[in-house]
Asks: 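My questions will all concern the structure given below.
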Amino acid sequence: MPKKASGPKARWTAAQKAERKGPKKPHRGQAASRTEAPAGDRPKRPRAERSPRWDREDPRRGSTPPREDRRRDERAARGDDRPAFRRDDRPARSERPSYQRDDRPARSERPSYQRDDRPARSERPSYQRDDRPARSERPSYQRDDRPARSERPSYQRDDRPARSERPPFRRDDRPAHRPHDERPRRERGDRPVRDYTPRVADPVRRDRHEGRHADRFRDDRFRDDAERPRSFEDAEAERAEADSWTTYRSAAAGGPREVTADNGFAALGVPDLLVERLARDGIAEPFPIQAATIPDALAGRDVLGRGQTGSGKTLAFGLPTIARLADGVRPQPKRPRALVLVPTRELAMQVSDALEPFVHVTGITHRLVAGGLSYEPQIKSLQKGVHLLVATPGRLVDLMERGAVDLGGIEVVILDEADHMADMGFVPEVTAILAAVPQGGQRLLFSATLDKGVDALVEKYLVDPVTHSTDDAQASITTMSHHVLLVDPHNKKQLTAELAGRDGRSVIFARTQLGVERIAGELRDRGVLAAGLHGGLTQNVRNRVLGAFRDGKVPVLVATDVAARGIHVDDIGMVIQVDPPTDHKDYLHRAGRTARAGEQGAVVMIALPHQRKIVTRIIENAGAEAQTTRVLPGDATVLGMGGKVPAGVPVPDSVWRPIIEGSPTKGRRGGPPRRGAPAGGRPQRSQGSSPRSGRPSGRGGRMGA
DNA sequence: AAAAAAC
C-alpha cells in the first residue's frame with residue numbers, strides 16, 4: 001500500500017482511485033460491503049461461532065440476525081478480524097448512538113448514572129432520581145456525606161427531644177463542653193501550675209473554710225485587709241498557721257466536711273478543682289508516694305514511683321495526668337490523649353472508678369478498655385473522642401488492630417504494676433503499645449515492687465526519669481503481722497477452713513485455677529461461704545464474685561494471683577496463702593490486700609513441713625518478719641488468730657449459687673452448669689473439665705502443693 | 001512455673 005509520497009506531490013488518476021477503492025477497503029461511512037452480499041447467500045456459520053446473544057432464541061427478533069451480527073458475518077467472510085471500532089463499515093460517528101462513539105470513558109470510569117444499566121427512574125430511590133436540588137441547596141441532613149447514624153455522636157442523631165425537653169445535663173452547654181475561650185477563666189483548667197499554689201494566706205478564705213464567721217463572710221470580702229497586698233513574711237506566717245490548721249482538720253475528720261482547697265495537695269500544685277474534689281471525700285493530706293511524685297509528674301517528667309501496697313499510687317499518677325488533660329484541648333476521634341495500662345481487668349475497672357470523680361469534675365472524659373466486655377461501647381466512645389484510656393493490654397492491641405483506636409495522640413502513658421507489665425507474658429503487647437505511642441511523651445511507671453525488671457522498658461521508652469521510692473517507711477509492713485503456720489498435709493483443709501471461718505473478710509490465695517475452684521468448694525462444703533475468682537471464669541462471673549465480696553455478701557474470696565495486685569477491698573482482715581507465692585514480690589502483693597491505708601491485718605502462710613524452707617526465704621526476701629508456728633486444727637494459735645471451727649454443714653447451693661451466677665435468665669443456657677466448672681471466658685485457655693464434678697467431700701488429696 | 005492478657 002503506497003504511502004503518501006514525501007517528494008513532489010503525486011496525484012491519483014480517477015482510474016487509479018477507482019481501482020484502489022474496490023471492495024477490499026471501503027471508505028468509512030460508505031459502507032459498500034454492507035449491501036454487497038445478501039444475508040441469505042452467505043454460508044451459515046457453525047452454531048458455536050454465532051453470537052451467544054443470538055443463540056438465545058428471542059421470539060421478538062424473527063429469523064433475520066440483527067445488523068451487528070450480519071456485519072460480523074460479513075467481516076468474517078472477508079477475513080477481517082479487526083475490532084469493531086477499527087472497522088470502516090460503521091455508520092458515521094455522528095450517526096451512531098452516543099454509546100457507540102468510542103470516546104466515552106470505560107464503563108468502570110463513568111459515573112454510575114452513565115452506565116446504562118440503572119433501573120428506570122421510577123424504580124430508583126428518591127436520592128437517585130437526579131432531580132433533587134443542588135447539594136448546596138439541600139439541608140445539611142440531605143447532603144449524603146455525614147457519617148452513618150451509628151457513627152455520629154448522640155446529639156447529631158436527629159431523634160433526641162428538643163433542648164427544652166432535655167434534662168439540664170443533656171443540654172450540651174455545660175461549662176466543660178463550652179468552647180474553651182468562652183468559658184470563664186476559673187473553668188478553663190489551663191492556668192499554669194503555679195496558679196494553683198495554696199491560697200491559705202487569704203484570711204477571708206480561711207474564715208470560710210473554718211466555718212466560722214459565716215455571716216460575716218460577705219462583708220469580709222470587701223474588708224481592706226483582705227485586699228491589701230501581703231508581704232512575703234506575712235504570707236509565710238499565714239501559711240504556717242494554715243498548715244497547722246489543716247493538720248488539725250484532717251485529724252478531726254468525721255461528720256460533714258468543709259470543701260476546701262487549702263491542703264497538702266494544693267501545695268503540691270494539684271489544680272483547685274481536684275483539690276476540692278479530694279477534700280469532699282475527706283482526703284486532705286497526700287500519702288508519701290503522692291507527695292513525692294505529684295510535683296514531678298505535674299512538671300511533665302518521667303517518673304518511676306515505688307510505694308507500698310495500698311499507699312495511693314492510683315491518685316499519684318491519676319491526679320497529675322488529669323490535671324494535664326484538663327487544658328481545654330479536646331481529643332480527636334479515636335485519638336485518646338493519655339493511657340493507663342494495667343495487668344488485670346478488675347484492676348482496670350478499679351482504676352477507672354477511682355479516677356472517675358476527678359475526671360468528672362474537670363469535664364474531661366475517660367474510658368475503660370478491657371477484655372470480656374462488649375466491644376461496642378468501647379469502640380463508640382473511642383470514635384467520639386476520649387481523653388483518658390484505662391486499658392488492659394490484650395483488648396487495647398485488639399482495638400488497635402481493628403483500627404478503632406489510634407495511639408498517635410497519646411501524651412502520657414502510665415504503666416501501673418509496671419514490673420508485672422514488664423514480665424515475659426506481657427512484653428509483646430506492652431511493647432506493641434509503647435511503639436505505637438509518639439516518642440517524647442510523658443511516662444509514669446508505678447509499682448510496689450518496681451525493680452530491675454523494668455530496666456529494659458525504662459532504657460527504651462523513658463527520658464531522664466526521676467525515681468521516687470517510699471518503701472523505707474515500711475508503712476504497710478508494720479501494720480501487718482506475718483505468720484507461717486506449719487501443718488501436716490492431712491490437717492491442711494481443716495486448718496484452712498478454720499482460718500477462713502473467722503469473722504470478717506479474708507482472701508485466700510492459691511496457685512492455680514483448679515486449686516481455687518477446689519478450695520472454694522471444700523470451704524462451702526464445710527459451711528464457709530466462699531467464692532472463687534480466677535481468669536478462667538467469664539467476666540460476668542468475675543464481676544459478680546468480686547462485687548459480692550466487696551458488698552460483704554461473701555466473706556471469703558479464694559483467688560489466683562489475678563487478685564494479688566492492686567485490688568482494693570476495705571477491711572480485709574486476713575490474707576491466707578494455701579500455696580506459697582512464686583517469689584517475694586508476689587508475696588508482698590498478696591499480703592498487700594490486707595492492712596490497706598494504715599489498717600491492721602494478718603498475713604498467714606500455710607506451709608507443709610517440706611515447704612518451710614522456701615516459704616521462710618520468700619518472706620525474708622520480702623523484708624517481713626514472720627513467726628513460724630507448728631499448728632493443729634483448733635489449737636490455741638489458730639483460735640488466737642480469730643480462727644473458728646466452721647459448722648460443717650455445707651452451704652446450700654441456693655445460698656451461694658445466686659450470688660456467684662446471678663439471675664437465671666442471664667446465666668448460661670442449657671440447664672445448670674456443672675458445679676465449679678470454669679465458665680470459660682476464653683475457650684482456648686479455660687480448663688477442660690470440672691476440677692470437682694462429683695461430690696467435693698468425696699475427693700481426697702491435699703490442699704495446695 | 002502459673003497466671004494474666006483478645007475474639
Side-chain angles (χ1 to χ4, degrees), chain A residues 339-352 368-379 382 389-405 415-434 436 447 449 453 507-520 532-543 545-546 557-567 577-590 593 611 614-615 618 678-688 691 704-705:
Chain A
L339 170 65
V340 182
L341 273 185
V342 295
T344 65
R345 299 167 182 177
E346 281 74 14
L347 188 52
M349 294 178 208
Q350 180 182 298
V351 168
S352 176
L368 171 68
V369 162
L373 308 167
S374 39
Y375 281 89
E376 197 172 275
Q378 298 179 8
I379 291 174
L382 282 166
L389 229 49
V390 180
T392 50
R395 177 59 69 89
L396 182 58
V397 169
D398 187 356
L399 292 180
M400 287 162 64
E401 285 167 356
R402 286 164 185 254
V405 63
L415 296 189
D416 196 10
E417 307 295 345
D419 59 316
H420 196 208
M421 301 300 276
D423 271 0
M424 280 234 302
F426 280 115
V427 160
E429 281 158 344
V430 170
T431 49
I433 289 164
L434 288 175
S447 177
T449 53
V507 179
I508 298 181
F509 282 107
R511 192 178 57 99
T512 65
Q513 298 182 352
L514 257 66
V516 164
E517 292 290 342
R518 198 193 65 223
I519 292 158
L533 181 71
H534 58 76
L537 301 166
T538 61
Q539 196 55 43
N540 248 342
V541 173
R542 284 168 69 166
N543 290 347
V545 165
L546 191 56
L557 183 72
V558 189
T560 59
D561 280 330
V562 70
R565 283 173 176 258
I567 301 303
Q577 308 189 51
V578 296
D579 294 319
T582 305
D583 58 20
H584 69 276
K585 295 206 296 183
D586 283 357
Y587 181 88
L588 275 177
H589 286 286
R590 286 174 167 190
R593 296 320 97 206
Q611 294 171 326
I614 179 90
V615 152
I618 287 172
R682 294 179 177 186
Q684 82 282 16
R685 276 200 293 119
S686 64
Q687 309 296 334

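These numbers come from the heavy atoms of this one structure, side chains and all, not from hydrogens, waters or symmetry mates. The shown structure was predicted, so the numbers you read here are calculated from the model rather than taken from an experiment. Here is how names work: the chains are called A, B, and so on, in the same order as the sequence lines, proteins then strands, and each is numbered from 1.
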Asks: Over how many whole Å does the gap from D583(A) atom CG to dA1(B) atom C1' extend?
Replies: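 Checked: the CG to C1' distance equals 11 Å.
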Asks: Side chains of I508(A) and V516(A), heavy atoms from C-beta outward: is any pair under 4.5 Å?
Replies: no
Asks: Taking the minimum atom-to-atom distance to the side chain of R511(A), which one of dA6(B), dA4(B), dA1(B) wins?
Replies: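 For the R511(A) side chain, the nearest candidate turns out to be dA1(B).
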Asks: Taking D579(A) for the side chain and R511(A) for the main chain, is one N or O donor matched with an acceptor at less than 3.5 Å?
Replies: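 Side chain of D579(A) to backbone of R511(A): a pair is present.
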Asks: Considering only side-chain heavy atoms of R542(A), which listed nucleotide, dA2(B), dA5(B), dA6(B), is closest?
Replies: dA5(B)
Asks: Which part of the nucleic acid does T512(A) contact within heavy-atom distance under 4.0 Å: base, sugar-phosphate only, or nothing?
Replies: sugar-phosphate
Asks: Grab the CG-P distance between D579(A) and dA3(B) for me, whole Å please.
Replies: 10 Å
Asks: Could you state the atom-to-atom distance from CG of L415(A) to P of dA4(B) in whole Å?
Replies: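 Taking CG of L415(A) and P of dA4(B), I get 20 Å after rounding.
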Asks: Taking only residues two or more places apart in sequence, or in another chain, which ones meet D398(A) in a side-chain hydrogen bond (donor to acceptor under 3.5 Å, both in side chains)?
Replies: Y375(A), R402(A)
Asks: What's the closest nucleotide to the T392(A) side chain, out of dA1(B), dA3(B), dA6(B)?
Replies: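 Closest nucleotide to the T392(A) side chain: dA6(B).
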Asks: Just how far, in rounded Å, is P of dA3(B) from CE of M421(A)?
Replies: 19 Å
Asks: Enumerate, atom names and distances included, each donor-acceptor pair closer than 3.5 Å involving a side-chain atom of residues 415-426 of chain A, sequence neighbours excluded.
Replies:
{"residue": "E417(A)", "atom": "OE1", "partner": "R565(A)", "partner atom": "NH1", "Å": "2.8"}
{"residue": "D419(A)", "atom": "OD1", "partner": "S447(A)", "partner atom": "OG", "Å": "2.6"}
{"residue": "D419(A)", "atom": "OD1", "partner": "R565(A)", "partner atom": "NH1", "Å": "3.1"}
{"residue": "D419(A)", "atom": "OD2", "partner": "T449(A)", "partner atom": "OG1", "Å": "2.7"}
{"residue": "D419(A)", "atom": "OD2", "partner": "R565(A)", "partner atom": "NH2", "Å": "3.0"}
{"residue": "D419(A)", "atom": "OD2", "partner": "K585(A)", "partner atom": "NZ", "Å": "3.0"}

Asks: Taking the side chain of T582(A) as heavy atoms from C-beta outward, which of dA1(B), dA6(B), dA4(B) is closest to it?
Replies: dA1(B)
Asks: In whole Å, what is the span from the CD1 atom of I379(A) to the P atom of dA6(B)?
Replies: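 That distance rounds to 14 Å.
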Asks: Taking atom C1' of dA4(B) as reference, at what distance in whole Å does atom NE2 of H420(A) sit?
Replies: 6 Å
Asks: Could you tell me whether a side-chain N or O of S374(A) sits under 3.5 Å from a main-chain N or O of E376(A), the two making a donor and an acceptor?
Replies: no
Asks: What nucleotide among dA1(B), dA6(B), dA4(B) has an atom nearest to a side-chain atom of R345(A)?
Replies: dA6(B)
Asks: So what does R402(A) hit on the nucleic acid, given a heavy-atom distance under 4.0 Å: a base, only sugar-phosphate, or nothing?
Replies: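 Touches nothing.
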Asks: Looking at Q539(A), does any N or O in its side chain come under 4.0 Å of the phosphate oxygens OP1/OP2 on dA6(B)?
Replies: no
Asks: Send over the distance from L368(A) CG to dA5(B) P, rounded to a whole Å.
Replies: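 After rounding, the gap between these two atoms is 12 Å.
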Asks: Rounded to the Å, how far apart are F426(A) CZ and dA4(B) C1'?
Replies: 4 Å
